[in-house]
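Shown next, in structure tokens, is the structure this report addresses.
Residue numbers begin at 1 in each chain, while the letters A, B, ... track the order of the sequences.
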Amino acid sequence: MLGFLLRRLAASLLLLLLVLTFTFFFLRLLPGGPIQFFEGQKVLTPDQQRNLERIYGLDRPLPEQYLRWIESVARWDWGTSLSQQRPVSTVLREALPATAALALAALAVEYGVGLLLGIASALRRGSAFDHAIRVVTLLLYSQPAFWLGLMAILLFSYVWPVLPAGHMRSVDADLMSPAGRLLDLARHLLLPALVTGLSTAGGSTRFLRASLIEVMSQDYIRTARAKGLSERRVVWVHGLRNAVAPVIQVFAISLPLLLSGVLIVEVVFSWPGLGRLTFLAISTRDYPLILGSTALSATLVILGNLLADMLHALVDPRVRDA
Amino acid sequence: MRRAPLFRALALAAALLAGCRQGPERAAGPEAAPRKPHRGGTVVTGWTAEPGGVNSLILPSTQVNNEMLFRMFLHLAEEQADFQQHPATLKPQLAESWDWSPDHKTLTFHLRKDVVWSDGVPVTADDVRWTWQMQTHPDVAWELADAKRWMTDVEVVDPHTVRFHFSRVYAKQLLDANEGPVFPKHAWETLPVKEWRRNGDWFRQHLVVDGPFTIASWQPQQQIVLQRNDRYYEKEFPYLDRVVMRQVPDQASGFTQLLSGDLDYLPQIAPADAPRVKASPRLQLIAYWFNIYVAVVWNTENPLFRDPEVRRALTLAIDRKTIVDTLLGSYGKVADSPILTSVWAHDPSIHPWPYDPREAARVLAAKGWKDTNGDGILDKDGKPFAFELITNTGNQLRSDATVMIQNQLQKVGIRATPRQIEFNTLAKQTMSGQFEASMMGYTIDTSLDLRSNYHSEAIQEGSNYPRYRNPQVDHLIETAAAQPEIKAELPYLHQIQQIVHREQPVTFLWESQRLTAVNKRVQNVHPTATFSFFNLKEWWVAP
């Protein structure tokens with residue numbers, strides 16, 4: 001298991017380096033640059049632009065900039081955000097908890113709903129309930145997350161104003177008790193987490209349904225039933241354990257999708273995480289912040305994949321022995 | 001690109017639904033509020049951009065940065081919002097008075113003695129001199145440093161007297177001396193200048209202010225809470241305890257939050273949303289002429305647009321009134337000059353060129369543009385009169401206008417292809433001359449300095465986007481700038497406007513009103529063309 005883990009770690013690091021190198025050079029192909037302009041802002045003279053490029057080291061040849069950047073990253077210095085004049089690591093550290101909270105909540109919704117509906121649907125295969133689940137989950141799955149987000153805001157913040165339309169906390173959250181603040185956070189988290197989770201739950205529902213139907217037709221399930229085991233035990237212990245292994249693989253594949261969904265939903269709900277930050281960083285060509293944000297997102301995806309591989313290895317001995 | 005109309009449609013739908021719920025609140029009108037200012041309370045405002053920090057010397061001079069920082073740091077004098085009626089007047093702020101030397105090259109400010117930083121340290125002439133040193137320091141790279149280029153020294157005469165020395169006499173001397181707020185030397189000089197642009201947070205951590213507000217909390221991407229600076233020298237101000245600057249993803253989302261009561265104030269709403277605000281018993285609409293005009297910039301170095309008569313024909317072929325009526329309604333008017341029609345220096349003899357497609361066709365035919373191959377597009381020497389009209393993404397108004405212009409020009413046989421590109425890219429392309437025609441917004445400086453937009457030297461070093469060259473205009477701009485006061489520039493400004501109007505390096509499209517929406521519980525709100533928060537210290541809310 002250790003060897004497996006080390007091999008996967010080494011491959012992950014190499015992948016991360018490739019992603020960052022590609023992003024570093026690809027960014028420079030985009031038109032515009034970080035010495036940027038806003039409408040209404042005074043236009044910088046060429047001398048001023050050159051001076052700023054000197055200060056930020058953007059006047060150096062590109063390979064030199066790349067080597068300097070790699071060198072500082074090796075020292076765990078991710079540089080300075082050009083749009084915020086603050087260390088990239090600080091900016092990311094502020095945004096990461098919000099994204100992590102939203103991603104975890106969305107994951108809980110996705111797999112909680114996916115597991116329940118998948119099992120229910122598989123056990124009532126061909127029934128009206130099964131069809132209804134299929135239609136609803138397909139409908140949710142086929143909607144872009146930002147559209148679902150806007151609909152959710154319309155319904156739950158305006159038609160039935162029960163949840164906030166955005167942000168992570170209320171204006172007066174500072175004045176609340178710790179329990180009040182937690183409740184306030186939960187209220188703000190509910191809508192974006194539901195939107196992100198439900199928009200992807202369709203995939204896990206359908207996958208688990210298919211997997212469980214296949215497993216439930218296996219001989220060992222018939223044997224378990226023949227032994228007189230209760231149907232609940234047959235399904236949850238013998239059926240689900242085997243049906244869930246492929247779902248873990250889907251989990252790994254769906255992580256980037258989930259993360260990108262979270263990033264889009266963050267913009268719709270003014271959620272102060274990596275999504276809005278990355279969006280603003282790209283629009284201002286804030287190279288160090290884009291690279292830092294990319295590194296963080298890529299690391300999360302790679303770690304997620306690694307985790308999925310390990311979980312898969314745990315539930316399927318053939319994987320870790322391979 | 002596609003989200004803007006979507007948001008707007010949703011905002012409208014939400015607004016309609018929200019409106020149904022708001023009916024019973026009609027009784028709570030402004031009449032119920034007492035007229036006497038009340039001290040205390042919180043106002044929540046919505047902003048689509050977030051301030052970048054607290055040290056404006058290392059920040060881009062954007063609207064939201066200035067809105068916040070100018071309420072935290074004082075200037076020597078406060079530029080008043082009267083630049084439309086006459087040259088902007090300056091009201092004493094940090095300086096209680098100022099006087100000139102006989103040769104008009106030395107300007108002496110006498111500082112107030114009762115102004116202190118929020119840590120109790122007095123504001124002195126040392127702060128003013130140090131601020132000037134930082135403003136002009138190459139490693140600080142302040143983007144407005146150009147305003148200080150004619151100042152040779154800022155001399156501390158005594159703790160409350162400071163003297164600005166100029167190398168020449170010109171119209172904007174006082175405005176330039178006053179450019180930028182004064183910063184706290186004692187609190188900020190300990191950080192080496194080379195570190196400034198890498199440590200924006202440091203200034204926030206070492207924040208002391210002398211203005212009416214300071215920062216109580218800053219939650220990135222969420223909100224900034226401003227609170228009263230108890231050491232502010234005008235003891236009766238500010239009336240409000242707190243002002244929350246809440247981030248909203250875009251104008252449409254901000255509008256829905258305003259309707260739902262989450263926000264009290266939105267500095268800018270779309271004209272299409274104005275009726276909803278007017279219909280709301282809780283909200284008030286404030287409309288005022290803004291200091292921006294929108295124009296189609298013709299690249300005069302491109303053979304298509306080199307001839308002033310052809311450019312004028314293009315203007316004649318564009319029905320600007322229909323564009324304004326359709327897109328802005330009563331909140332806009334056709335622009336006709338680089339100086340806004342609402343500003344004192346606008347030449348009243350200038351009027352918009354009429355919409356006259358027949359005359360446009362005649363001029364173009366006289367210039368050799370004819371449809372020789374019957375494809376509906378004029379051509380000359382085998383080349384069609386076709387070009388790309390670019391504008392920035394995220395601005396539905398301009399995007400719609402480019403499509404209308406495309407249709408109108410089509411009627412005279414000109415093919416304009418609209419294309420939207422991201423603002424930063426648009427700015428780069430337009431500044432480097434890599435475009436044919438571009439729809440841009442021009443912000444008018446309160447000093448009415450036309451140099452950066454129309455002087456030939458500004459092709460390389462400014463925002464002369466049409467790359468317009470006219471030695472007579474250059475000369476007039478220089479002569480105007482050399483006057484001892486802005487008022488004396490008037491005859492030169494009129495001549496410049498007449499030439500630009502005749503030669504049309506840009507087709508002036510519209511000037512528009514800015515529409516601000518505010519909850520009626522917030523009193524005494526007077527946004528200006530330059531600042532939404534102009535009189536923030538005087539805002540108050542009914543208890």
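Across all their heavy atoms, B:Pro220 and A:Pro272 have their closest contact at O-CB, 3.6 Å. A:Gln85 and B:Arg197 make their closest contact through CG-O, 3.2 Å (heavy atoms, listed as atom of the first residue, atom of the second, distance). Residues A:Ala95 and B:Gln221 approach most closely at CB-NE2, 4.1 Å, considering heavy atoms.
Highest contact tally toward chain B, considering only A:Arg54, A:Gln84, A:Arg276, is held by A:Arg276 [criterion: heavy-atom pairs under 4.5 Å]. Chain A forms the most heavy-atom pairs under 4.5 Å with one residue out of B:Val248, B:Asp139, B:Val44, B:Val244, and that residue is B:Asp139. Ranked by heavy-atom pairs under 4.5 Å with chain B, the first of A:Ile55, A:Val171, A:Asp172, A:Val91 is A:Val171.
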Check the pair A:Arg285, B:Glu422 against side-chain contact (heavy atoms from CB on, under 4.5 Å), reporting the backbone distance first and the verdict last. CA-CA 11 Å; A:Arg285 303 288 191 272; B:Glu422 181 225 5; 2.7 Å; yes

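Residue contact with chain B, scored on non-hydrogen atoms closer than 4.5 Å, involves the backbone and the side chain of A:Arg169 alike. With a threshold of 4.5 angstrom between heavy atoms, A:Ser170 approaches chain B through N, CA, C or O but not through any side-chain atom. B:Trp202 does not touch chain A: none of its heavy atoms, backbone or side chain, sits under 4.5 Å away. In this structure, the portions of A:Leu277 lying under 4.5 Å from any heavy atom of chain B include both its backbone and its side chain. If you measure heavy-atom distances from B:Gln219 to chain A, the contacts under 4.5 Å come from the side chain alone. Contact of B:Gln247 with chain A is made through backbone and side chain together, with heavy-atom distances under 4.5 Å. Within the 4.5 angstrom heavy-atom criterion, atoms from both the backbone and the side chain of B:Gln257 approach chain A. For B:Ser217, the part lying near chain A is the side chain, with the backbone staying farther off; criterion is any non-hydrogen pair under 4.5 Å. Only the backbone of B:Asn199 comes within less than 4.5 Å of a heavy atom of chain A; no side-chain atom from C-beta onward does.
Here the CH2 atom belonging to B:Trp218 is positioned 10.5 Å from the CD atom belonging to A:Glu94, to the nearest 0.5 angstrom. A:Leu82 CG to B:Arg198 CZ: the interatomic distance, rounded to the nearest 0.5 Å, is 9.0 Å. Rounding to the nearest 0.5 Å gives a distance of 11.0 Å between CD1 of B:Ile58 and CG of A:Leu52.
No more than 12 heavy atoms of other residues, nucleotides or ligands shown are found within 6.0 angstrom of OH on A:Tyr141.
Residues B:Thr256 and A:Ile153 are not in side-chain contact: their nearest non-hydrogen atoms beyond the backbone lie 4.5 Å or more apart.
Of the possible donor and acceptor atoms, none in the side chain of A:Gln48 sits under 3.5 Å from a partner among the backbone N and O of B:Ala141. One N or O on the side chain of A:Asn51 and one on the backbone of B:Pro138 form a donor-acceptor pair closer than 3.5 Å.
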